[in-house]
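Notes to accompany the following structure.
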2 protein chains.
Amino acid sequence: MEALHQKIREQGIVLSDQVLKVDAFLNHQIDPQLMKLIGDEFAALFKDSGITKIVTIEASGIAPAIMTGLNLGVPVIFARKQQSLTLTENLLSATVYSFTKKTESTVAISPRHLTSSDRVLIIDDFLANGKASQALISIIKQAGATVAGLGIVIEKSFQGGRAELDAQGYRVESLARVQSLAGGVVTFID
Amino acid sequence: MEALHQKIREQGIVLSDQVLKVDAFLNHQIDPQLMKLIGDEFAALFKDSGITKIVTIEASGIAPAIMTGLNLGVPVIFARKQQSLTLTENLLSATVYSFTKKTESTVAISPRHLTSSDRVLIIDDFLANGKASQALISIIKQAGATVAGLGIVIEKSFQGGRAELDAQGYRVESLARVQSLAGGVVTFID
């Protein structure tokens with residue numbers, strides 16, 4: 001997606017060979033117009049997939065997910081990382097290991113909002129090692145629902161997440177595929 | 001805002017005299033169409049206020065904030081509750097005390113995204129005791145920026161947050177003002 005590539009080139013900061021900082025438009029400050037374009041793109045890609053729900057994870061997945069949901073006319077659920085006072089029922093949950101933080105955390109969704117008839121599109125801001133995506137897939141399967149595909153804003157293709165999802169047979173659509181951050185330069189696939 | 005009142009009546013769950021659960025459309029599952037209406041309403045209310053930035057707090061404030069930013073054509077910043085790997089600079093921060101969780105937490109914004117020329121609209125999903133709003137006001141003032149007003153989706157008017165903000169002279173626009181949750185019934189002001 002050219003508008004996204006351009007934004008990454010202009011405002012992305014390469015912190016290391018592994019870490020791309022995009023806090024100017026995606027995961028701290030957010031560009032709403034760009035999110036609208038991203039949501040429209042995901043909606044176009046998955047419009048024939050019979051999507052009934054979008055699932056994402058707090059916090060940076062919410063903006064692209066909500067714009068996709070607006071276009072497709074379906075609800076968005078964000079998995080919670082922390083216990084909420086008002087989420088008191090038995091939750092569907094899965095564990096996420098963070099390579100960068102070296103910590104395990106739990107993400108959870110209320111079973112009230114996912115049923116076995118749902119066809120779910122997973123949306124997230126980043127795909128790196130894929131641990132967050134695998135946790136969401138686990139939760140969706142626990143609900144008996146179907147994973148119809150994954151829409152990723154920025155994929156770090158040099159990490160293992162994409163390859164694992166491909167091997168599992170999931171449809172993954174990434175709007176920017178980063179081949180390398182070597183030498184402080186963002187190189188895209190294509 | 002009638003569409004919001006109706007949604008609260010239909011899908012809100014009164015858990016106690018103090019707690020209204022709206023996880024079906026606002027803070028776990030999100031209704032994108034309703035968020036669009038909410039964003040358009042905030043934009044109409046503040047269109048003549050010279051807003052240059054919207055500030056909210058993760059995670060439930062992001063959806064209404066992004067729709068408001070889309071309409072007004074301004075960026076949205078969400079204050080982070082947890083340390084991020086890529087937010088490495090000195091951060092503007094403030095402490096929030098949660099009455100419901102009896103815990104203190106820190107919220108933070110990067111100073112790169114707020115300047116003294118910014119006129120900021122604060123958007124949040126709930127206003128209760130107002131501790132989150134006061135923390136955001138503190139951060140915006142630390143940046144030397146101006147708080148132009150606050151847009152709140154649901155205000156629990158029987159708690160102290162609204163009265164304190166009024167006394168401080170801030171313009172507060174709440175789309176649903178809950179007078180009482182007594183007896184398991186949601187009673188609105190107006």
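Proteins come first, then strands; the chains are lettered A, B, ... in the order of their sequence lines, and each starts at number 1.
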Reported CG-to-CG distance for the pair A:L70 and B:L70, which is rounded to 0.5 angstrom: 8.5 Å
Are B:V22 and B:I152 connected in a single hydrophobic cluster, I mean Ile/Leu/Val/Met/Phe/Trp/Tyr linked by side-chain heavy atoms less than 4.5 Å apart? no
Do other residues, nucleotides or ligands put more than 12 heavy atoms under 6.0 Å from the NZ atom of A:K7? yes
Which of residues 53-63 of chain B get closer than 4.5 angstrom to chain A, counting heavy atoms alone? B:K53, B:E58, B:A59, B:S60, B:I62, B:A63
From CA spacing to verdict: side chain to side chain contact (heavy atoms under 4.5 Å, CB included), A:M67, B:I66: CA-CA 9 Å; A:M67 291 301 183; B:I66 203 84; 4.2 Å; yes
Report yes or no: do A:I123 and A:F25 belong to one cluster of Ile/Leu/Val/Met/Phe/Trp/Tyr joined by side chain heavy-atom distances under 4.5 Å? yes
Do you know which of A:I13, A:D31, A:N71, A:I77 has the most heavy-atom pairs under 4.5 Å to chain B? A:I77
Answer with side chain, backbone, both or neither: which region of B:A24 has an atom nearer than 4.5 Å to a non-hydrogen atom of chain A? both
Sidechain-backbone polar pair: B:H28 side chain, A:F78 backbone, donor-acceptor under 3.5 Å: yes
Kindly write out the residues that satisfy side-chain hydrogen bond (donor to acceptor under 3.5 Å, both in side chains) with B:T103, not counting sequence neighbours, or none if the list is empty. none
If you define the side chain from C-beta out and look only at heavy atoms, does anything of A:H113 sit under 4.5 Å from B:D23? yes
Examine B:L37 and B:F188 and state if one hydrophobic cluster contains both, with Ile, Leu, Val, Met, Phe, Trp and Tyr joined whenever side-chain heavy atoms are less than 4.5 Å apart. yes
Looking at A:Q33 and B:G73, what are the two nearest heavy atoms and their distance? NE2-CA, 3.5 Å
Is A:L121 linked to A:L92 within one hydrophobic cluster, defined over Ile, Leu, Val, Met, Phe, Trp and Tyr using a side-chain heavy-atom separation of less than 4.5 Å? no
Residues of residues 126-148 of chain B with a heavy atom under 4.5 Å from any heavy atom of chain A, in residue-number order, are none
Under a single-linkage definition using a 4.5 Å side-chain heavy-atom cutoff for Ile, Leu, Val, Met, Phe, Trp and Tyr, are B:L45 and B:L165 assigned to the same hydrophobic cluster? no
Answer yes or no: is there a donor N or O on one side and an acceptor on the other, between the side chain of A:R80 and the main chain of B:N27, under 3.5 Å? yes
Test item: B:V76 and A:P32 side chains (from C-beta on) under 4.5 Å apart, heavy atoms: yes
Using only non-hydrogen atoms and a strict under-4.5 angstrom cutoff, which residues of residues 170-180 of chain B touch chain A? none
